[in-house]
Number of protein chains: 2
Amino acid sequence: MSQRPSAVRGVRDHGRDGRTTRADPRLGVDALVPPVPADQAGRELLARFYRALGDPTRLALLAFCAEGERTGTECVAHAGLSQGRVSAHLSCLVDCGLLEVRRVGRFAYYQVTDPRVCELVALGTSVVADHAASIAACTRVAPDR
Amino acid sequence: MSQRPSAVRGVRDHGRDGRTTRADPRLGVDALVPPVPADQAGRELLARFYRALGDPTRLALLAFCAEGERTGTECVAHAGLSQGRVSAHLSCLVDCGLLEVRRVGRFAYYQVTDPRVCELVALGTSVVADHAASIAACTRVAPDR
DNA sequence: CAGAGATATCTGCTTATGCGGATGATACCT
DNA sequence: AGGTATCATCCGCATAAGCAGATATCTCTG
């Protein structure tokens with residue numbers, strides 16, 4: 001079946017079969033393991049949350065609504081898409097906890113209020129800045145057709 | 001065209017037309033605006049990055065490779081999917097800066113090394129914990145067909 | 001109450017993305 | 001060299017998810 005990679009081949013030895021582990025002192029204790037849910041359902045939820053951030057239109061709306069409260073109509077004008085589509089995007093962002101909505105009469109005021117959302121975006125932006133070229137080249141999982 | 005929402009209607013007045021803004025003292029200065037790129041191309045990159053996190057299989061692989069270096073074959077066994085698919089997932093994660101790969105002979109050792117990745121996952125998990133029900137209900141943007 | 005504006009939802013279409021399985025390219029072992 | 005294991009890429013297929021446009025609701029104004 002699957003072979004064990006044969007140990008240490010001239011590369012610096014740092015573990016039983018030449019591999020680093022979290023116990024490896026080179027990595028330090030603060031390089032924590034990400035708290036990804038162990039159950040499939042939890043991972044599906046987390047994945048769905050990240051997918052909500054995985055659309056350029058929603059990111060633009062998020063930035064727009066971070067500057068202050070915005071009505072749906074203002075968001076439509078800003079996004080330049082159909083009213084129905086923008087409404088759906090906004091609902092999605094609210095459902096995922098990325099945006100809050102305050103309803104007054106026939107108006108809906110959207111705004112980013114959770115500071116974690118800003119941190120999340122800041123971290124993402126930071127990583128992207130370091131890998132822009134390869135991310136641009138990554139045609140995701142499916143080949144570029 | 002679009003009406004201006006008429007100002008202040010009994011609700012607490014906190015702005016020109018009853019809306020909060022980032023200048024609103026209630027929000028404080030540390031409630032920063034998320035640094036979403038102003039250009040469409042930059043947002044597309046950032047969105048693509050988040051989409052890489054938006055798949056339960058990739059999240060599972062990320063967690064698996066955070067515990068220490070893992071070979072491709074080990075990842076295949078852990079994910080329980082076809083070898084080709086897992087390989088593509090891993091390449092995607094590497095391209096997006098979420099995973100690093102070290103190649104030795106015919107083996108590829110994958111591992112999470114960037115602490116920002118862990119922070120990113122921790123933040124996401126935290127927000128998801130507060131909105132689990134509505135995220136589960138959010139059939140994304142497309143209606144549930 | 002009738003008309004207009006603001007939102008949300010539904011329909012049908014198109015593209016993106018996940019999947020298995022085949023194929024190909026290397027590296028390792030005997 | 002020949003056989004096998006590891007990993008990457010390609011193919012065709014099925015579903016997810018984005019989009020515009022049409023309605024459907026509800027609210028406000030006159």
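Numbered from 1 within each chain, the chains take letters A, B, ... in sequence-line order. Reckoned from all heavy atoms, side chains included, excluding hydrogens, waters and symmetry mates.
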Starting at atom [atom1] of [X], determine the distance to atom [atom2] of [N], rounded to an integer number of angstrom.
X: A/E74; N: C/dA6; atom1: CD; atom2: P; answer: 10 Å
X: B/R48; N: C/dG18; atom1: CZ; atom2: P; answer: 12 Å
X: B/Y110; N: D/dC7; atom1: OH; atom2: C1'; answer: 7 Å
X: A/Y50; N: C/dT17; atom1: OH; atom2: P; answer: 19 Å
X: B/R102; N: D/dC7; atom1: CZ; atom2: C1'; answer: 16 Å
X: A/E44; N: D/dA16; atom1: CD; atom2: C1'; answer: 11 Å
X: A/L53; N: D/dA17; atom1: CG; atom2: C1'; answer: 16 Å
X: A/D55; N: D/dA16; atom1: CG; atom2: P; answer: 18 Å

Look only at the side chain of [X] and the backbone of [Y], and say whether a donor-acceptor pair between them is shorter than 3.5 Å.
X: A/R43; Y: A/A38; value: yes
X: B/T125; Y: B/V121; value: yes
X: B/R48; Y: A/I135; value: yes
X: B/S87; Y: B/Q83; value: no

Nearest-nucleotide pick for [X], side chain only, options being [options]:
X: B/S82; options: D/dT9, C/dG20, D/dC7; result: C/dG20
X: A/A108; options: C/dT7, C/dT17, D/dC7; result: C/dT7
X: A/R106; options: C/dA8, C/dC28, D/dT27; result: D/dT27
X: B/R103; options: C/dT17, D/dA8, C/dG21; result: D/dA8
X: B/R85; options: C/dC19, C/dT7, D/dT9; result: C/dC19

Go through the structure and list residues passing side chain to side chain donor-acceptor pair (under 3.5 Å) with B/S134, not counting sequence neighbours.
->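 Once residues adjacent in sequence are excluded, B/S134 has no partner under the side chain to side chain donor-acceptor pair (under 3.5 Å) criterion.
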
Look at all strands and tell whether A/L81 reaches a base, only sugar-phosphate, or nothing, counting heavy atoms closer than 4.0 Å.
->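 A/L81: backbone/sugar contact only, no base atoms under 4.0 Å.
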
OP1 or OP2 of [N] versus the side-chain N and O atoms of [X]: is any pair under 4.0 Å?
X: B/T73; N: D/dC7; result: yes
X: B/T71; N: D/dT6; result: no
X: B/H89; N: C/dC19; result: yes

Side-chain donor or acceptor of B/Q83 under 3.5 Å from a matching atom on the base of D/dA8?
->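 Indeed, a donor on one side and an acceptor on the other fall under 3.5 Å apart.
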
